[in-house]
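One structure below.
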Amino acid sequence: MELLKQKIIDEGKVLSDSVLKVDAFLNHQIDPVFMQEIGKEFAGRFANTGITKILTIESSGIAPATMTGLELGVPVIFARKRKSLTLTDHLYSAEVYSYTKKESNEISVSKDFIKSDDVVLIMDDFLANGQAALGLIGILKQAGARIAGVGIVIEKGFQNGSSLLKEQGIKVESLAIIDSLINGQVTFKEEVPSR
Ligand code: G4P
């Protein structure tokens, strides 16, 4: 998605050879007009797949997932990382290990919102090692729901998340794939439509 690549070039900051900061439009401040374009792009890429719900993880997945849900006209659920006061039992849960942060989080979703007849699109802001997406897949498997695919705003193509998901036969659509962040330079991988 050219608009996203330009936004990364104009507003992103390369923090190291493996970390890109995009606080200006995705991880801290949100650009709603741009986010609406992201929603339209995902809706187009997953058109006619029978999606009934979108599942993401708090917090930065919520904005792109909501805009996609608006375009597709389906509800958006976000997995919680912390136990909420009202989310007590009746939960699907999965353990997500972050290689970046070197910590594990238990994520959970209420059983009220995912049913075995749902067709679910998983979404997130970043795809690095794929652990968050794999946790969400685990939750959908517990619910017996069908996985329509995984939609990612920015994929770090030099980490193995995408291969892990594709090995499981899951369709992955990333709007920008970063090939390298070496020497403070962002280089993108050319997009090859997955289907
Ligand atoms: P993984 O799920 O693909 O295995 O990712 P990883 O553990 O490496 O990432 C942990 C957190 O860091 C996730 O956010 C992920 O989105 C984010 N992240 C990973 N690489 C980058 C990067 O290069 N730039 C930025 N900006 N974020 C990155 P999180 O902890 O769930 O945070 P949030 O969703 O609450 O913002």
Side-chain angles (χ1 to χ4, degrees), residues 1 4-5 7-32 34-35 38-39 42 54-69 76-84 87 93-109 120-141 147 149-168 170-189:
M1 186 188 182
L4 171 62
K5 289 183 185 172
K7 197 97 171 154
I8 292 171
I9 290 164
D10 293 343
E11 299 179 33
K13 292 195 172 70
V14 178
L15 291 192
S16 69
D17 286 356
S18 63
V19 178
L20 173 72
K21 184 172 167 128
V22 283
D23 275 13
F25 64 92
L26 185 61
N27 293 132
H28 196 9
Q29 173 172 258
I30 291 164
D31 178 338
F34 170 68
M35 211 48 84
I38 297 253
F42 278 123
I54 296 173
L55 177 62
T56 187
I57 185 164
E58 64 175 343
S59 55
S60 300
I62 296 175
T66 302
M67 290 306 189
T68 308
V76 176
I77 304 147
F78 60 93
R80 290 184 187 262
K81 288 178 184 161
R82 280 155 241 93
K83 284 259 155 50
S84 89
L87 197 69
S93 320
E95 203 66 39
V96 173
Y97 179 73
S98 166
Y99 289 101
T100 313
K101 296 183 175 173
K102 309 231 176 327
E103 63 180 29
S104 248
N105 269 307
E106 191 184 23
I107 60 165
S108 36
V109 173
V120 183
L121 170 62
I122 292 171
M123 288 188 61
D124 212 352
D125 57 333
F126 267 89
L127 178 62
N129 296 298
Q131 297 305 302
L134 289 171
L136 295 174
I137 288 168
I139 282 176
L140 293 178
K141 284 187 174 161
I147 300 162
V150 174
I152 297 292
V153 182
I154 303 174
E155 174 184 324
K156 296 198 286 185
F158 52 88
Q159 293 184 245
N160 69 345
S162 184
S163 340
L164 284 177
L165 300 175
K166 286 176 182 164
E167 272 166 20
Q168 297 198 15
I170 290 169
K171 168 173 162 149
V172 180
E173 287 286 344
S174 303
L175 303 192
I177 304 177
I178 293 174
D179 215 11
S180 162
L181 294 171
I182 289 170
N183 295 331
Q185 279 295 115
V186 184
T187 50
F188 295 101
K189 197 168 177 172

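Remember, it's 1-based here, ligands and their atoms both numbered in the order they're listed. Because only heavy atoms are used, hydrogens play no part in the values below, and waters and symmetry mates are left out as well, while side chains stay in. No experiment lies behind these values; they were computed from the predicted model shown.
Any N or O atom pair closer than 3.5 Å counts here, and Tyr97 shares no such pair with ligand 1.
Heavy atoms from both the backbone and the side chain of Asn129 come within less than 4.0 Å of ligand 1. Contact annotation: for Asp125 versus ligand 1, heavy atoms closer than 4.0 Å belong to the side chain alone.
When all heavy atoms are compared, the tightest approach of Gly149 to Leu121 is O-CD1, 3.5 Å. Of all heavy-atom pairs between Ala79 and Leu136, the closest is CB-CD2, 3.8 Å. Here the closest heavy-atom approach between residue Gln159 and residue Ala128 is recorded as CB-O, 3.3 Å.
Of the candidates Val120, Ile147, Leu164, Leu55, Ile147 is the only one forming a side-chain contact (heavy atoms from CB on, under 4.5 Å) with Ile137.
With hydrogens and angles ignored, the 3.5 Å screen pairs no side-chain donor or acceptor of Lys166 with any backbone N or O of Val172. Within the 3.5 Å criterion, the main-chain N or O of Met123 finds a donor-acceptor partner in the side chain of Thr56.
Counting only residues at least two apart or on different chains, the salt bridge (Lys or Arg N to Asp or Glu O under 4.0 Å) pairs with a member in residues 13-28 are Lys21-Asp23.
Residues Ser98 and Asn105 are not in side-chain contact: their nearest non-hydrogen atoms beyond the backbone lie 4.5 Å or more apart.
The protein heavy-atom contact nearest to atom 32 (O) of ligand 1 is Lys81 NZ, 3.7 Å. With respect to atom 11 (C) of ligand 1, the closest heavy atom belonging to the protein is Lys101 CE, 4.3 Å. The shortest contact between atom 36 (O) of ligand 1 and any protein heavy atom is with Ser60 OG, 2.6 Å. Nearest to atom 4 (O) of ligand 1 among the protein's heavy atoms is Gln131 N, 3.0 Å. The nearest protein atom to atom 15 (C) of ligand 1, hydrogens excluded, is given as Phe126 CB, 4.1 Å; this is a heavy-atom distance. When hydrogens are left out, the protein atom nearest atom 6 (P) of ligand 1 is Thr100 OG1, 3.3 Å; that is the closest non-hydrogen contact. For atom 24 (N) of ligand 1, the closest non-hydrogen atom on the protein side is Leu20 O, 2.6 Å.
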Per-pair distances, 0.1 Å, donor-acceptor, side chain in residues 57-66, under 3.5 Å, sequence neighbours excluded:
from	atom 1	to	atom 2	distance (Å)
Glu58	OE2	Lys81	N	2.6
Glu58	OE2	Arg82	NH1	3.2
Ser60	OG	Asn27	ND2	3.1
Thr66	OG1	Ile62	O	2.6

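Within 4.0 Å of atom 21 (C) of ligand 1, at least one protein heavy atom is present.
The option with the heavy atom closest to atom 5 (O) of ligand 1, from among Ser59, Ser98, Ala128, is Ala128. Of the listed residues (Lys21, His28, Lys156), the one carrying the non-hydrogen atom nearest atom 19 (C) of ligand 1 is Lys156.
Close approach to Ser18 involves these atoms of ligand 1, each under 4.0 Å from a residue heavy atom: 23 (O). Near Tyr99, with a cut-off below 4.0 Å to any heavy atom, the atoms of ligand 1 are 7 (O). Counting atoms of ligand 1 from 1 in the listed order, those under 4.0 Å from a heavy atom of Ala132 are 2 (O).
Other residues, nucleotides and ligands contribute only 12 or fewer heavy atoms inside 6.0 Å of the OH atom of Tyr99. In Asp10, the CG atom is crowded: over 12 heavy atoms of neighbouring residues, nucleotides or ligands sit closer than 6.0 Å.
Using a 4.0 Å cutoff on heavy atoms, Gly130 counts as a contact of ligand 1. Contact analysis leaves Gln159 out of contact with ligand 1, as no non-hydrogen atom separation drops below 4.0 angstrom.
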